[in-house]
Amino acid sequence: VVAAAALGGPRNSDAQVASPSPDVLSALLVEVRGLRSAMEQMASAGPRVQLALGRLQLQEQRVNTLVRRLEDARTSIARARTGLEELTGQQSEHERVSRESSDPEMRRQTEAELKHLKTAIARGTLDLQRLEGEEATLSQDISAEQGRWSELNQRLEELERALARR
């Protein structure tokens, strides 16, 4: 009887370990469901992060392209201004020569050159105005694209914070 009791005792405790209580099973089930949910969220977050990064890179390329175009426009504006200054200087010189010249042939030739210079100055002025308008448009476009870039960057930061909480 003593041996049976001694042998039976451990068997009863083994039976208790082998069949966990319903509270433990429900807690494990809740844990498994939570893990599954976390894995599903992580799996869905990967493509969202990649998509946001791709959009951010595209937006950055757009901004960089517009910045290069703006720099080109500013270079063209500087060249156009220099050209206009040269033409204006030539015009002043021709007007002085025309006023001071006593030779009628020289005056006639200078007046004809002045007419061409005035036409070139008018064309140059219009070209400069067009370039300045383009510069203003590009500056506005850059501001808008930088705003979009900032918005995408904020979304990416929000995703990062959401992932860090998990």
Side-chain angles (χ1 to χ4, degrees), residues 27-166:
L28 285 173
L29 186 58
V30 167
E31 185 67 23
V32 167
R33 286 182 181 154
L35 286 172
R36 181 187 300 156
S37 174
M39 288 175 63
E40 288 172 355
Q41 288 174 349
M42 291 299 283
S44 71
R48 288 175 47 203
V49 168
Q50 287 177 339
L51 182 61
L53 277 173
R55 286 180 179 168
L56 187 67
Q57 288 172 341
L58 283 174
Q59 198 61 35
E60 191 171 334
Q61 288 174 354
R62 285 181 188 145
V63 170
N64 288 337
T65 299
L66 287 171
V67 166
R68 279 192 301 278
R69 287 180 54 199
L70 180 62
E71 288 171 358
D72 291 345
R74 287 181 175 161
T75 300
S76 296
I77 287 171
R79 272 189 262 133
R81 283 187 179 142
T82 301
L84 272 175
E85 288 171 4
E86 289 174 5
L87 289 174
T88 304
Q90 289 176 10
Q91 179 185 10
S92 297
E93 181 62 25
H94 279 75
E95 287 172 346
R96 185 190 62 75
V97 168
S98 178
R99 276 191 317 267
E100 295 174 359
S101 177
S102 57
D103 182 14
E105 180 60 31
M106 175 74 107
R107 253 192 207 161
R108 190 177 53 73
Q109 184 179 4
T110 305
E111 292 293 327
E113 290 174 6
L114 269 171
K115 192 183 262 186
H116 291 295
L117 281 172
K118 287 179 181 180
T119 303
I121 289 172
R123 251 186 284 127
T125 302
L126 288 175
D127 194 36
L128 180 61
Q129 290 171 349
R130 179 188 58 79
L131 288 169
E132 289 172 338
E134 185 179 326
E135 177 190 28
T137 300
L138 286 168
S139 292
Q140 290 173 350
D141 290 349
I142 287 172
S143 293
E145 295 297 329
Q146 285 175 331
R148 288 186 193 109
W149 181 87
S150 293
E151 186 179 305
L152 286 170
N153 198 30
Q154 287 174 347
R155 286 185 195 168
L156 200 56
E157 288 173 357
E158 289 170 7
L159 273 173
E160 182 182 12
R161 282 192 295 272
L163 289 174
R165 282 187 233 132
R166 295 180 184 154

Original post:
Nearest 0.5 Å, what's the CZ-CZ distance between R155 and R55?
Top reply: 6.5 Å

Original post:
At their closest point, which heavy atom of L152 faces which heavy atom of Q59, and how far apart are they?
Top reply: CD1-CB, 3.9 Å

**OP:** Carefully, step by step, assess S101 and T110 under the rule side-chain contact (heavy atoms from CB on, under 4.5 Å).
**Re:** CA-CA 9 Å; S101 177; T110 305; 5.9 Å; no

**OP:** Would you check, one step at a time, whether the test salt bridge (charged side-chain N to carboxylate O under 4.0 Å, His left out) holds for E145 with R148?
**Re:** CA-CA 5 Å; E145 295 297 329; R148 288 186 193 109; 2.5 Å; yes

Subject >> Result of checking T137, N64, V67 against I142 for side-chain contact (heavy atoms from CB on, under 4.5 Å) >> reply: V67

**OP:** Tell me, please, which residues at least two apart from Q140 pass side-chain contact (heavy atoms from CB on, under 4.5 Å).
**Re:** none

**OP:** Could you tell me whether E111 atom CD has more than 12 heavy atoms of other residues or ligands within 6.0 Å of it?
**Re:** yes

**OP:** Would you please test R81 and E85 for salt bridge (charged side-chain N to carboxylate O under 4.0 Å, His left out) and show each step?
**Re:** CA-CA 6 Å; R81 283 187 179 142; E85 288 171 4; over 6 Å; no

Original post:
Would R123 and T119 count as a side-chain contact (heavy atoms from CB on, under 4.5 Å) if you check the C-alpha gap in whole Å, the side-chain angles of each, and the deciding distance to 0.1 Å?
Top reply: CA-CA 6 Å; R123 251 186 284 127; T119 303; 3.6 Å; yes

Original post:
Does any non-hydrogen side-chain atom of R74 lie less than 4.5 Å from one of S139?
Top reply: yes

Original post:
Roughly how far, to the nearest 0.5 Å, is CD of E95 from CZ of R99?
Top reply: 6.5 Å

**OP:** Could you tell me which non-hydrogen atom of L156 sits nearest to which non-hydrogen atom of L56, and how far apart they are?
**Re:** CD2-CD2, 3.8 Å

Original post:
Rounded to the nearest 0.5 Å, how far does CD of E93 lie from OG1 of T88?
Top reply: 13.5 Å

**OP:** Determine yes or no for a side-chain-to-main-chain donor-acceptor pair under 3.5 angstrom, with S76 supplying the side chain and D72 the backbone.
**Re:** yes

**OP:** Mind listing the closest non-hydrogen atom pair of L117 and Q90 along with its distance?
**Re:** CD2-OE1, 3.2 Å

**OP:** Would you check, one step at a time, whether the test side-chain contact (heavy atoms from CB on, under 4.5 Å) holds for R33 with L29?
**Re:** CA-CA 6 Å; R33 286 182 181 154; L29 186 58; 3.6 Å; yes

**OP:** First locate atom NE2 of H116, then atom NE2 of H94, and finally report the distance between them rounded to the nearest 0.5 Å.
**Re:** 10.5 Å

Subject >> Distance, nearest 0.5 Å, that separates CD of E135 from CD1 of I77 >> reply: 4.0 Å

**OP:** Return yes if some donor-acceptor pair links the side-chain N/O of T65 with the main-chain N/O of Q61 below 3.5 Å, else return no.
**Re:** yes

Subject >> CZ on R161 to CD on E157, rounded to 0.5 Å >> reply: 6.0 Å

**OP:** Take atom CZ of R107 as the centre, draw a 6.0 Å sphere, and report whether it contains more than 12 heavy atoms from other residues, nucleotides or ligands.
**Re:** yes

Subject >> Distance-minimising heavy-atom pair for L138 and A73 >> reply: CD1-CB, 4.2 Å

Original post:
Do you know which two heavy atoms are closest between A80 and L131, and how far apart they sit?
Top reply: CB-CD1, 4.1 Å

